[in-house]
Every structure is written in structure tokens, then in C-alpha cells.
Amino acid sequence: MEDYIVSARKYRPVTFDSVVGQKALTTTLKNAISSGKLANTYLFCGPRGVGKTTCARIFAKTINCTNRGADGEACGECESCKSFNEELRSYNVFELDAASNNSVDDIRNLTEQVRIPPMNGKYKVYIIDEVHMLSQAAFNAFLKTLEEPPKYAIFILATTEKHKIIPTILSRCQIYDFSRISNKDIIEHLQSVAKKEGVNAEPEALAIIAEKSDGGMRDALSIFDQVVSFTGGQVTYQKTIENLNVIDYDYYFRLTDMFLEKRIPDTMVLLNDILAKGFDGSHLISGLMLHLRNLLVSRDACTLPLLEVSDEMRERYKNQAAKCSPKFLYRALKICNDCDLNYRISKNKRLLVELTLIQAAQADEDDDSSGRKPKRLHPIFKKIAATAKAAPAAAAPQATAGPVTAQTVQQPAPQPVRKNAIPTFKGASIFTSIHGNKTAGRPDQPHGRQTVQVINQEQHPAKPLTPDALQNSWNDFAATLPRQDTPLKNRMINCRPTLVSDNVFCVEAGNPMMADEIRGAEDRILRFIRDRFSNPAISMEIKVDQSRNVEHLLTREEQYEKMKKENPALKELEAVFGLEIR
């Protein structure tokens, strides 16, 4: 029985052309070798398993090759190449693991070796792996050697964490950033390895392995060996996801169909099935986020290349993406992302996942950010809009001080419009009402939502405006004012409205300050009184009567005494029930 060699070592690249996924870097290195423009220090940085150390070894072998080809590759036949291939037993190439040799003494030994010229060949190459693990003192000891190295010495530093290297070292290096290997390149390389090993592998299974490797070829080959051992040489999609404990793609497609069809109970049953198989809720959410992202990029032909899946799976994504609206995908992604952020701190993780699935199933509903459905247009507005549309375009609009909502077919002769007057329509009048709750026209909520109140004059005829009714409405409005409007309440109590005409009343203030106070609440007062009398034509005039002498604001007791004088029945009520002011 032959000694088994893992695929990551057995199929390790030995030439620049065999390196997968780093075409730009290998071309640059080959051109530098062919032209003889070699730097003294190189820094290879990037994620794990993308070929940093491999390229460093190929580079070290190639620069000492005595019979390089026209393409800049090593011949593999000369003495230097043969000695290099025998487990790096070359006298010109030295590897140092900085993770276990990170002290000043280790760097001092290295600098002593650099002084000795190569025994054969032209260059001595020092490959220092995981160079970011060197201590601060070791970095400083290494600086002098890097600043003035011998012409025959070349240093190749490899690291996965470039940010941990001090700037004085970085400034002396040619930096090569290795990128993650794409899933497409990993799948093609695994297919070639499977063919050489006599393994039957489904493309979907290799796609799962490539996705699981996260852009690292070494990880992909290690996972491939594991799956081959599990399946006995028949690498199928089902056996691969079973061995790697990966949730089947079909679950995500089924969940999305349930979201679109609002089948919330079925999503709960499917979630229970997934959890019963031993999968964690966070894996489901992260996989669902990736699935929704793939659906999003599948909607547009220009983003379709971002989908790194097999051709069969690509077509399946494209078909389901056609059923999903962008709004649904955006909201569902946001909901799943919030769940992913809150999953670790949640005490009831299953409930969090269930709520996420329920919200995702309602992601395409038309509602605002607060979760309330938008209010539909009242039928009266549709009727007014239809009337305005039917009016002749040549009719000139009537000038009014208030907002013009509709225009009748026959315009009456222009009439002088009073201040705060609102136009009336046949059968209905419209004016704005500001309120903070469901009770329309409440003056105690001046900063609430702005809605439109409609008064049907046929069903609610206008009430006559009499002095007593006006005074009662004036007092009622003052009584409904909240505590923060106490100064305004006192001003109104000290003023008495007088009726000027059928729809006009006047308020006389004792001083300009009082007039300004009432004028600031003029809109609120008029809305309340217009609503009380069902008459939108009521208007108010404010005058300053300097002859009035208001010495001070009435206290609560004084207000009560004044009310008893105006209404003797209040005094009898106080005596019968024993009332008192608190």
C-alpha cells in the first residue's frame, strides 16, 4: 500500500502557470525574473490558502534556475531545480516560521547567515512565513538587514495580517496582495483533481465545497478529501451537504415560495423540520440572507455574473427572482440582517427566528414604517376630484384666501373674502383640522397629525351664531386647553367675544401682548368654533382696547367666584354637594 498524500500537498503548484486564481501576480513575478529587475524584499499578503508560500517557493526556485524557458518558468531539470524539489534541500533557500522563531536571537542568527554568499546559484532566498508574529524588538533588529542587504540576498515575507507589520518594514518591501480565489476557479480545479483521482463528482457538490472553503484552495482540497472518504468516491450533492452539515438549497427556495404566498404556518413547520435535523437557527438566517442576496443579483443581467453557482442553480435562481419584487427582497434582507445582529444576545433564539420568518412573509405588504396600513382616500375627495376634472379648462379659478380644493362648473361673481374665510361647496365644506388622537378637532393637541375634516352641510346644517352660544363655545375651548396652555386659558377668560354679524365675531384684548397671545391660537379657536356650529364661514377679528384695565390675571378662586356670579345655579350646586376647589 502506497503512502497516502493529501490533495493539498499532492497537487501543490510547482510552476507559476499552475497557480490558481492569481494570474496578475504570477505574470508580474515572471516578468520581473525575465527582465532581471528583482527587489531585495517582497511581501506576500492575503487570506489563508491562496498561494502565498507556494508562490514564494516557486519564485525562489525560478530565480536560481540555470536553464529557464522563454516563458520565465523554471526548467525543473537543472541541479538547482532538482535539489529544490527534494523537500527544499537546497542550500540557497531557507524557510523560517516566524510564529515559533520570533525573538531577537532568531533574527540575529538569520542576519549571520545572510553574510555567507550562496555556494551554488546566484541568489540566497529567505522565506519568512507568518512574519507578523515577530516581536517589536525582532522587527527593529531586522530593519538594518532589510535596509542594506547583500546583492545576492532576497527576502520573501508572507503574512495573513499585513496591518500588524510596522510601517518601517512595509516601506522597504514590494507588496503583493493575494486575493481570494473565486468559486468558479476552485470548482474547475477540483474537477481536474477529481478526474485525476478517478472520482465522480457532481458540479453542485463541488459548488458547495467551493462555497465552504471561503476562497481558499487549501481548504477546498482538504474538504474534498473529507467528502471523498465519506462517499467512497461518489461525491453527490446530498451526501456532501450531509457530511458538511450544510442546509440544503431547496429549503431556501421553499421558504421564499412560502413568503410570497403568505403561508406562515408552513414556514413554522419547515423551521421545525430544519431545527430537528440539528441545524442552528443562525445558520438558517445566514443562509437565507445569502439566498435573498442571490435572488437580488439574479434580477438584473448586469449583476448576474456575481452569482457564483452552477449553471443549473443559476437558472433556478433566475426563475424565482422573477417572482420577487425588489421591495420584498430589500425588506426581507433588512429583516434577516436585524435577526442576525440580535441572535447572539437573544434569550429565546427560536422565537426570534420565527418572528423573522413571519415578518419576511409580510415584507411585500403596503404599509408605512410604523406598521400601519396607509389610509385610503375618502369617497368625498374622489367625488370632488371628479367634479374638478369635469370642469372646463378655460374657467378661471376664484381667488380665495383658503386652500382651493375643487372648482364648480359655474363660477359666481367674485365676492370680497374675509380673513380666515374658507370656500364652500355644494353639499360639503372642507377645512383642515389638526389633532393628536382619534377625536377630531381637539385643540389640546396642536402638534399632532394633520388630517382633513369633512362636514356635509346637507346632513349637518349650519347652526345660528348667537352671543350666548358663542360665549359658551369660547369658554368650552378654554376649558379643554392643557396645562401647558394655562396662560392662553387665562387670556381667554379675561376676554369676551362679541358678535359683529352673522358669521363674524370680535375679541377685544386689553393690551398688545394679550392680542398676540390670542392671535397665535386664532386658527385653533376658529377650527373649534366652526366645528361646533358646522359653519366654515365663521371668522374672527382681534382688536386692542387700551381703555380696558386688566390689573392682574385671575386666580382659580377668583375665576370660580366670577363663574358663580354669572351662573347662580353653581352656588346652589356647591351648597347641596359640599363642593370645594382643589
Side-chain angles (χ1 to χ4, degrees), residues 46-50 132-133 159-164 179-180 183 207-216 218-220 222-223 226-227 240-260 262-297 306-309 317 324 326-365 367 369-371:
R48 68 182 189 279
V50 294
H132 66 275
M133 298 294 289
T159 179
T160 56
E161 302 182 46
K162 183 177 67 173
H163 61 279
K164 291 186 178 181
S179 60
R180 295 184 184 274
N183 288 357
I208 290 294
I209 295 175
E211 182 179 336
K212 193 78 172 178
S213 65
D214 194 23
R218 182 172 62 243
D219 291 354
S222 299
I223 297 173
Q226 174 184 337
V227 175
T240 301
I241 62 175
E242 181 182 353
N243 180 253
L244 299 181
N245 196 32
V246 176
I247 301 178
D248 191 357
Y249 278 128
D250 188 59
Y251 282 115
Y252 301 126
F253 283 101
R254 290 166 59 188
L255 273 175
T256 306
D257 288 336
M258 293 175 185
F259 293 160
L260 296 175
K262 304 292 190 300
R263 292 155 50 193
I264 296 178
D266 292 341
T267 62
M268 299 294 100
V269 175
L270 186 59
L271 172 62
N272 184 72
D273 185 22
I274 294 174
L275 297 179
K277 292 185 178 181
F279 296 108
D280 189 67
S282 62
H283 295 161
L284 172 63
I285 295 299
S286 59
L288 183 58
M289 291 172 60
L290 178 61
H291 179 77
L292 293 172
R293 177 262 180 191
N294 291 341
L295 289 176
L296 189 62
V297 301
L306 300 177
L307 194 63
E308 296 182 344
V309 294
Y317 270 114
C324 303
K327 179 177 66 174
F328 164 75
L329 294 176
Y330 297 150
R331 291 186 178 181
L333 274 171
K334 177 65 167 58
I335 292 169
C336 292
N337 183 64
D338 293 342
C339 177
D340 184 54
L341 295 175
N342 298 325
Y343 188 85
R344 188 174 65 176
I345 62 176
S346 176
K347 294 183 178 180
N348 194 337
K349 302 183 184 302
R350 173 165 182 161
L351 179 60
L352 177 63
V353 176
E354 289 176 345
L355 289 175
T356 300
L357 298 183
I358 294 173
Q359 292 174 351
Q362 301 172 346
D364 59 344
E365 293 184 356
D367 55 359
S369 59
S370 61

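Counting begins at 1 with the first residue of the sequence. Below, each value reflects all heavy atoms present in this structure, side chains not excepted, and no hydrogens, waters or symmetry copies.
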Participant: Working to the nearest 0.5 Å, report the span between CD1 of I335 and CG of L357.
Facilitator: 10.0 Å
Participant: Say you draw a straight line from CG of L307 to CG of N294; how long is it, rounded to the nearest 0.5 Å?
Facilitator: 4.5 Å
Participant: A quick test of your reading: do over 12 heavy atoms of other residues, nucleotides or ligands sit less than 6.0 Å from CZ of R48?
Facilitator: no
Participant: Could you tell me which non-hydrogen atom of A220 sits nearest to which non-hydrogen atom of I209, and how far apart they are?
Facilitator: O-CG2, 3.6 Å
Participant: Are L306 and R293 close enough, and set up right, to give a side chain to side chain contact (heavy atoms under 4.5 Å, CB included), and what steps lead you there?
Facilitator: CA-CA 10 Å; L306 300 177; R293 177 262 180 191; 3.8 Å; yes
Participant: Please give me the minimum heavy-atom distance between C336 and L288, naming the atom from each residue.
Facilitator: SG-CD2, 3.7 Å
Participant: Check for a donor-acceptor pair, side chain of K349 on one end and backbone N or O of R344 on the other, with a separation under 3.5 Å.
Facilitator: yes
Participant: Can you measure from CG (D280) to OG (S286) and round to the nearest 0.5 angstrom?
Facilitator: 9.0 Å
Participant: If you apply the rule side chain to side chain contact (heavy atoms under 4.5 Å, CB included), what do you find for S179 with V50, and how did you get there?
Facilitator: CA-CA 7 Å; S179 60; V50 294; over 6 Å; no
Participant: What distance do I285 atom CD1 and D340 atom CG have between them, rounded to the nearest 0.5 Å?
Facilitator: 8.0 Å
Participant: On a heavy-atom basis, which atom in N272 and which in R350 lie closest, and how many Å separate them?
Facilitator: OD1-NH2, 3.0 Å
Participant: Check whether any side-chain heavy atom of T159 sits under 4.5 Å from a side-chain heavy atom of M133, and report yes or no.
Facilitator: no
Participant: Looking at residues at least two apart in the chain, or sitting in another chain, which of them share a side chain to side chain donor-acceptor pair (under 3.5 Å) with T256?
Facilitator: H291
Participant: Locate the shortest heavy-atom distance separating T267 from F259; write the atom from each residue and the value.
Facilitator: CG2-CE2, 4.0 Å
Participant: Mind listing the closest non-hydrogen atom pair of N183 and A210 along with its distance?
Facilitator: OD1-O, 3.5 Å
Participant: Begin from the C-alpha positions of K262 and D364 and carry the test side chain to side chain contact (heavy atoms under 4.5 Å, CB included) through to its verdict.
Facilitator: CA-CA 10 Å; K262 304 292 190 300; D364 59 344; 2.8 Å; yes
Participant: Out of curiosity, L296 CG to F328 CZ, how far, rounded to the nearest 0.5 Å?
Facilitator: 11.5 Å
Participant: Can you list the steps and then say if H283 with V246 is a side chain to side chain contact (heavy atoms under 4.5 Å, CB included)?
Facilitator: CA-CA 8 Å; H283 295 161; V246 176; over 6 Å; no
Participant: Parallel, tilted or perpendicular: which describes the rings of Y249 and Y317, with under 30° parallel and over 60° perpendicular?
Facilitator: perpendicular
Participant: Which residues pass the side chain to side chain contact (heavy atoms under 4.5 Å, CB included) test with Q226, not counting sequence neighbours?
Facilitator: N243, L244
Participant: Check I264 against A361 and note the closest heavy-atom contact, atom names and distance.
Facilitator: CG1-CB, 3.8 Å
Participant: For the CG atom of N342 and the OG1 atom of T356, what is their distance to the nearest 0.5 Å?
Facilitator: 8.5 Å
Participant: Is the shortest side-chain heavy-atom distance between Y343 and V353 below 4.5 Å?
Facilitator: yes
Participant: Salt bridge or not for D214 and R180, using N-O below 4.0 Å?
Facilitator: yes
